Every structure is written in structure tokens, then in C-alpha cells.
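To start, the structure itself, in C-alpha cells.
When a ligand or atom number is given, it counts from 1 through the structure's own listing order. Reckoned from all heavy atoms, side chains included, excluding hydrogens, waters and symmetry mates. Just so we're clear, the structure is a prediction, and the values are computed from it rather than from any experiment.
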Amino acid sequence: MIGCDCGTCQSTDPRDRRRRPSILIRYDDGMAVLVDAGPDLREQALEHRIRRVDAIVFTHGHADHILGMDDVRRFNVLQKRPMPCYGDALTMADIRQTFAYAFNPSTQKGGGLPQIVPFVVQGPFCLGGKELQPVPLFHGRRPILGWRFGAFAYLTDCNRIPDESWPLLDGLEVVVVDALRDRPHPTHFTLDEAMAVGRRIGAPRTYFTHMCHELPHAPTAARLPAGMELAYDGLVVECS
Ligand SMILES: [Zn+2]
Ligand SMILES: [Zn+2]
Ligand SMILES: [Zn+2]
């Protein structure tokens, strides 16, 4: 956090240096799907040498999940095509509003504009022969989407999983769940709530994400039971 002197913000543990939440799903055949495009996308792509993104799927339209969209330009150049982007109607409207210049045909091209092809998601769909399953969640009052890819699911920015979404989370090997902090929050799960979600889903491996500086990595990780871990920037997880 800017201007914070707390132990997490001053920590020398690289796992306490947290960029905005986003993950990349990479399949055996090389296909890569980015989940969210936050303000740190450029730095994340440079650090992790990401040079291929076939599509972006969005969880929701909050700034920490979409403000990197302008950097899609570089992938347009590398891949010589517009970027297919998937999200619910509200999120795609947020992106159109926030990046209005990219959707306005009269904008001077100049240094280049991100070329985005927006799709509104209504349910599961196929991309390159793989099924992408949106998982409806609640982030406070706002409905948002988690995403399931095979035996992996990513459930960030949520504090409630509606009844109809639980069956979509059966048989997972790995699940990632929002765990903001210990104190209650109106739109995010606390660590205890996230652990309860992890137990109910019952995947062999549960990771927590979107932690704020109230949860320093090492001491918090030490409180977690077997099979539950804190995610961190650069973490690579293999899954079928
Ligand atoms: Zn701090
Ligand atoms: Zn959010
Ligand atoms: Zn967020």
C-alpha cells in the first residue's frame, strides 16, 4: 500500500510484494487465457515473459481487474489479431465505458489502440477445444464471475457463492478463493470464510488470493492447515 509503514508493506519477503490480482492459464498445446487485465499487466507480462495471450476472460469490471487493457495493444501486434474478451454484460459495459477511446472509430490511431472484440458470456463456451465455465458469484451486491478451467477454478473478489454455483465446483483439483483479511468486509471473504469455502469445495489444494496488507505472507501461511496455502505473485500451479 502506498505510504504504509506496516510489516507487510516494509517486508523484504518477495511474497509480500503483491501486484493486482490476475492469473494466466496455459494449456499443454500452448493456448493461453488471461483472467483479468489489471493495472500491473505490463509489469507482470514483462516479469513472467508472457508473449502469448489467446483470450482474456474477466471476473468483473473493478479498476484493479481491468485497468491494464490498453497494454493489450502489444499482444495485438505480436499475434496480428484483435483480442477476444469475455465477461458478463455489466463488466463488458464497464470496459466499454472505461476504454471508450478504444471503441470509438474516430479516435486517431497514432501510437495504436487496443483492438478488443468483446463477448458477453451467458454460460460455458469452448475456446480452442477447451471448455471455459463461468461460475456466478457475489462480490457484495454485485454479481460477478469466477472461472473454471478443467479441474481448476479461480474465485476472486467474492463474499458469497450462490446455491446454483456449488455444483459447478465439484471434482476440482485446485481452487483459488478470495481471502482479503481477518476483519469482516462487505464484498470480500475473510480468511476464515475462505477456509470454510475451501473445506466445503473439498479440493486437494486450495489457494487464497487478493490478500491485503493485514495478512503478511509467512505468518499467515503458518496458520493454514495442510492443503491450504496463500498464493503469491509468480506462483505456478500444475493441474489437469
Ligand atoms: Zn501496509
Ligand atoms: Zn472487485
Ligand atoms: Zn479486486
Exercise for review: State whether Arg15 and Glu229 are salt-bridged, where the test is any N-O pair (Lys NZ or Arg NE/NH1/NH2 against Asp/Glu carboxylate O) under 4.0 Å.
Suggested key: no
Check your understanding: Between His185 and His188, what is the ring plane arrangement, given parallel below 30°, perpendicular above 60°, and tilted in between?
Key -> perpendicular
Check your understanding: Taking the side chain from Asp40 and the backbone from Arg20, do they hold a donor-acceptor pair closer than 3.5 Å?
Key -> yes
Exercise for review: Salt-bridge test for Asp54 and Arg81: reply yes if a basic N is under 4.0 Å from a carboxylate O, no otherwise.
Suggested key: yes
Review point. Protein N/O/S atoms under 2.8 Å of the Zn ion (ligand 2)?
Key: His60 NE2, His62 ND1, His139 NE2, Asp157 OD2
Check your understanding: How about Phe125 and Tyr86: are their ring centroids closer than 6.0 Å?
Key -> yes
Point to revise | Of all N/O/S atoms in His210, the name of the one nearest the Zn ion (ligand 3) | key: NE2
Point to revise | Distance in Å, Arg183 CZ paired with Cys212 SG, rounded so as to fall on 0.5 Å steps | key: 7.0 Å
Check your understanding: Checking side chain to side chain donor-acceptor pair (under 3.5 Å) against Asp157, which of His210, Arg142, His62 comes through?
Key -> His210
Study note, to complete from the structure: Row for the Zn ion (ligand 1): angle SG (Cys9) to SG (Cys4), 10° precision, value 110°
Exercise for review: Report the name of the N/O/S atom of His213 located nearest to the Zn ion (ligand 1).
Suggested key: ND1
